[in-house]
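I have placed the structure first, in the form of structure tokens, so that the comments after it can refer back to it.
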2 protein chains.
Amino acid sequence: MEKNEKPYAATDLGIFRFAENMLQVYLVRLKMSPFPGKYSLPGALLQYDEDMAQAAERVYREATGQEAALFEQVYTFSAPNRDIRHRSISTAYMAFPQGDIDDFRPCDKYDFGGWFNAAEMSGLAYDHDEILALTRDRIAAKLNYTTIALLLLPKEFTLTEMQRLYEHCLERTLDKRNFRKKILSMEIVTPTGKMLRGQKARPAMLYQAVDRKMEMIPLFR
Amino acid sequence: MEKNEKPYAATDLGIFRFAENMLQVYLVRLKMSPFPGKYSLPGALLQYDEDMAQAAERVYREATGQEAALFEQVYTFSAPNRDIRHRSISTAYMAFPQGDIDDFRPCDKYDFGGWFNAAEMSGLAYDHDEILALTRDRIAAKLNYTTIALLLLPKEFTLTEMQRLYEHCLERTLDKRNFRKKILSMEIVTPTGKMLRGQKARPAMLYQAVDRKMEMIPLFR
DNA sequence: TGACTTAGTGTAAATTTTACAATATAATCC
DNA sequence: GGATTATATTGTAAAATTTACACTAAGTCA
């Protein structure tokens, strides 16, 4: 930006879920310059009557056609050259879909929207590689001291799926019996009574979150 | 802001220490409108050649006359009406002084600067009551899963001081023997060999941080 | 129906956490 | 300088949690 010119204020949104044994992020393909055809996190400029959280919610609607999600502010990116068109600062949010994930349909700002393996994406528009990397790190950190796993999993999930989420994001294996004992002792999930059938082997009990929100796990009990 | 007008970008800084058995925040008194005579967190508009972290470091220099500190981004505040003069969004940082705390001298933007009990301040300019409250909450949360205590304490401190920091910020008492056992077992502090003398009673061993930075305390070891 | 795949479970040892009280060392006050 | 006061420092036994570890159960698939 020129001296004394104000930067644009924007928000970029990392929409995440754990599915197909991956941490997946929902990316959109840009139609317009400066990166036509490139993938990016959905984003938008802040509007005059919104705060950042509202802007993030609007971006969620634009990118998915859906409403229900939980949002969490992550970080504000402000490097002077992070946007080649003009100076802009972007406040990144994470979003966790609550409603029907399979009906996502981006608005016509975008060419396409879809789920990708968050660990393998690069070459995104703007500084979105960096935003994605920091947001992934934040998710991994939060797995250690919050119940963020409940937001990444679908409404109903097996304990094996939950364990795979931890193992993939923390990049380590965990003992199956000890993991189950620990999660069950926290009383954050409850069995639905339904079984996940049609897999290759023995059906697994489906669980659901007791309370589908992110809570701190205390150090001193 | 008017439609299509860009907001100002700013940063506000919560400078913290634990001293005199309190979590203290360094506040400045404003000379100019719109809040002459009111206390506030030190802050400034983002300049064209800076990112937010650099702006926060500049604000630290302006407010204290000192250089050495550690910074941590906290949250970006963006309510449309948070600044009565014009729309602005502010990215709040926490700062932890590293150098000589007793030589703080604010630049002439400010009338006065001094340390206050962070738990008791209200009536600050702008939305700084809210920024301060959220930042205090963040510090309390981080005491539970990071070594942020090392940044709040002076270079040399007693284990009793450290325990008081936890007790004040977490608003609960902790057993003295168990606290010391736990902290020492973490191997994040080491005795200096020097004693704190001149108190009312038996001198206490002074400790220092092994590594004066904020690190995560892992959930799964 | 036999082979394969994933779900689900228990226990003993080690470690950590918790609850709890007496002694040590200085300053202060007569 | 002796008594009093205030805070620092330390250990242990019980409880709880964590860890390491391997087999059976219940489906699918060829």
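Throughout, protein chains are lettered first and strands after them, A, B, ... in sequence-line order, and every chain is numbered starting at 1. Atom set for the values below is all heavy atoms of this structure, side chains included, hydrogens, waters and symmetry mates excluded.
Nearest heavy-atom pair across B/Leu30 and B/Ala125 is CD1-CB, 3.7 Å.
As a whole-Å value, the separation of A/Leu206 CG from D/dG27 P is 14 Å. B/Lys182 has its NZ atom 15 Å from the C1' atom of C/dA19, to the nearest Å. Rounding to whole angstrom units, CE of residue B/Met195 and P of C/dA27 are separated by 11 Å. B/Ile183 has its CD1 atom 11 Å from the P atom of C/dT17, to the nearest Å. The distance between atom CG of A/Leu196 and atom P of D/dA26, rounded to the nearest whole Å, is 17 Å. Across the protein-nucleic acid pair, A/Phe179 atom CZ and C/dA7 atom C1' stand 14 Å apart, rounded to whole Å. Rounded to whole Å, atom P of C/dA7 lies 14 Å from atom CZ of A/Phe157. Atoms CE (A/Met162) and C1' (C/dA7) sit 17 Å apart, rounded to a whole Å.
Ring-centre distance between A/Tyr39 and A/Phe116: below the 6.0 Å cut-off. For A/Tyr93 and A/Tyr60, the ring centers are positioned 6.0 Å apart or more.
With A/Thr11 contributing its side chain and A/Ala56 its backbone, the two residues share no donor-acceptor pair below 3.5 Å. Between the side chain of A/Tyr110 and the backbone N or O of A/Pro42, no donor-acceptor pair lies under 3.5 Å. Of the possible donor and acceptor atoms, one in the side chain of B/Asp175 sits under 3.5 Å from a partner among the backbone N and O of B/Asn178. Of the possible donor and acceptor atoms, one in the side chain of B/Ser78 sits under 3.5 Å from a partner among the backbone N and O of A/Met52.
Nearest-nucleotide mapping onto DNA chain C: of B/Pro203 and A/Glu161, the residue sitting toward the 5' end is A/Glu161.
Between the side chain of B/Arg202 and the base of C/dA26 there is no donor-acceptor pair of N/O atoms closer than 3.5 Å.
If you check every strand for non-hydrogen atoms under 4.0 Å, B/Thr160 touches sugar and phosphate atoms only.
An OP1 or OP2 oxygen of C/dA27 is reached within less than 4.0 angstrom by no side-chain nitrogen or oxygen of B/Arg197.
Between C/dA26, D/dG27, C/dG8, one nucleotide has an atom nearer to the side chain of A/Lys176 than all others, and that is C/dG8.
Ion pairing between A/Lys142 and A/Glu72 holds under the 4.0 Å rule for side-chain N and carboxylate O.
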Atom pairs, protein N/O to nucleotides 10-15 of chain C N/O, distance under 3.5 Å:
| from | atom 1 | to | atom 2 | distance (Å) |
| --- | --- | --- | --- | --- |
| C/dT11 | O4 | A/Lys181 | NZ | 2.9 |

Pairs under 3.5 angstrom, nitrogen or oxygen only, protein versus nucleotides 28-30 of chain C, please.
none

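Between the side chains of A/Thr76 and A/Thr91, at least one donor-acceptor pair of N or O atoms lies under 3.5 Å.
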